[in-house]
Number of protein chains: 2
Amino acid sequence: MSHSSSQITSLNTIRIVLCTTTHPGNIGAAARAMKTMGVSDLALVTPRFFPDEEANTRATSAVDILERAQVFSTLEDALKGCHFVVGLTSRRRDLSHDMVSLRESTLRAAREITSQSSAHHDRSIPLRAAFVFGTEMSGLSNSELDLCHLLANIPTDPDFGSLNLGSAVQVTCYELRQAFLGDIPIQPYPQPLALHQDVEALFTHLERALSITQFLNPKNPKKLMERLRRMLTRTRLEQEEVSMLRGLLKSFERTLAPSSKRADNGE
Amino acid sequence: MSHSSSQITSLNTIRIVLCTTTHPGNIGAAARAMKTMGVSDLALVTPRFFPDEEANTRATSAVDILERAQVFSTLEDALKGCHFVVGLTSRRRDLSHDMVSLRESTLRAAREITSQSSAHHDRSIPLRAAFVFGTEMSGLSNSELDLCHLLANIPTDPDFGSLNLGSAVQVTCYELRQAFLGDIPIQPYPQPLALHQDVEALFTHLERALSITQFLNPKNPKKLMERLRRMLTRTRLEQEEVSMLRGLLKSFERTLAPSSKRADNGE
């Protein structure tokens, strides 16, 4: 495969995800912004109005992107099959999420996709990186942020600061085009990274195992699971690491098993 | 003058010039785009409608930029006092102009302004760099291009390619902010990171716990421990995360403890 065609393919790996968009015009503006930069995969999570005439009007000649847009009822569904998930946020947070500039996040995405494209990867699984935008007024919720591997901030004037959704998607897709088609060399990751759903299955397994030992308070398992989740999503786990961690959990469950058959449920 | 205040000053040296804008809504969108990035000097050359209610509506809270915008009857007038002039164009030209990417043009502008700010410069003349946008349908005319020192192109998908005026100004002001103010300041890690010795103690604890479950082959525990170590050192664990993981291991050991007192050794 030539350098150029693999580069062009790589922008096809980008999914733009808009969560709970209130104004259909913004969906159209986002579609147009995507199309100018050669990004075409649009996912909508519970849009308030869609399809909608105003969206079509604002999209102008990018209506084909709206026609091919997929609508999902949860963000988790929209992220199935995504290897790398970036959440755009303007809020400062005291969470332990990594927060980087938009530019850095797009370079990281290019690196992820390039790594996955290496010979190690099973080519039957299409590669995908998602950039997730929250609802217009309040951005991404905490539970939406928890599904992201990385948070990114578009630098703006702190005295004004609010990019509208169409502008945020425009600047993001511009940077993605620069990162994927620009001339900064991309250093691949050494091993294939885990898929979103495999990491989610690991969290489910972890929660079950920790309930057995009563490390998690079964009435309020949430806080500790959130901290474990942040720690492990930050890491960008490899496929083999997820397998290893699940093997590790199974070994605990097996050792505990004689007194607790629960451990084998759902496996 | 501190580094920071001189940086903030430098975005004030940018003038955005819109030539013969047909749709007043685009002027409002441009003003809003400027304001999000901290650029405030707007010059309008023979706008078809201005002032205009639609411009105000699209500007939302950037109406102050419209109120302070200057209107000129020629581009030459609008450029008076400008030291460096960049013309934005999507057309390929066989003119003898330099044509560079938007990013390079904003870096060049930052360099020009910084150079002019040096001690050689007469400080009574305010420094200024102009970024000039043509009319919506046909862009800058040849005579307008002739007034520019440099032509810049915003990279877009060649199969689509037309950024609307508001989007072009948005992306340009975003790049100007990057070029003049650099990336967002480095954000410290939100939580204290673990000390080396605490992470090492975690690995010792992990190895002991995993020997009990026979997940590690006690005769050759090394390979799996190396992989776990690689995964966890990559993460940059926080102090509290190390405590949490040790608590988690203890909970497994406690659950296994009745049959194995080894678990409490060395604690």
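Letters A, B, ... are given to chains in the order of the sequence lines, protein chains preceding strands, and every chain is numbered from 1.
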With only heavy atoms counted, which part of [X] is less than 4.5 Å from chain A, the side chain, the backbone, both or neither?
X	value
A29(B)	neither
S61(B)	both
L224(B)	both

Measuring from atom [atom1] of [X] to atom [atom2] of [Y], what distance do you get when rounded to the nearest 0.5 angstrom?
X	Y	atom1	atom2	result
D157(B)	S40(A)	CG	OG	9.0 Å
R32(B)	L163(A)	CZ	CG	7.5 Å
E238(B)	M231(A)	CD	CE	10.0 Å
F160(A)	I65(B)	CZ	CD1	7.5 Å
F252(B)	L210(A)	CZ	CG	5.0 Å
M37(B)	T156(A)	CE	OG1	6.0 Å

Polar contact flag, side-chain donor to acceptor under 3.5 angstrom, T213(A)-T255(B): no

Sidechain-backbone polar pair: R103(A) side chain, Q178(B) backbone, donor-acceptor under 3.5 Å: no

Winner by heavy-atom pair count (cut-off under 4.5 Å) against chain A, out of C173(B), A209(B), G38(B), P155(B): P155(B)

Best-contacting candidate, L237(A), V39(A), L228(A), against chain B by heavy atom pairs under 4.5 angstrom: L228(A)

Residue, of A33(A), S167(A), A62(A), G166(A), that accumulates the most heavy atom pairs under 4.5 Å with chain B: S167(A)

Audit row: N164(A), T36(B), side chain to side chain contact (heavy atoms under 4.5 Å, CB included) steps and yes/no: CA-CA 9 Å; N164(A) 62 33; T36(B) 59; over 6 Å; no

E175(A)/Y174(B) under side chain to side chain donor-acceptor pair (under 3.5 Å): CA gap, chis, key distance, verdict: CA-CA 10 Å; E175(A) 278 285 18; Y174(B) 166 76; 2.6 Å; yes

Salt-bridge contact R227(A)-E240(B) (side-chain N to carboxylate O under 4.0 Å): yes

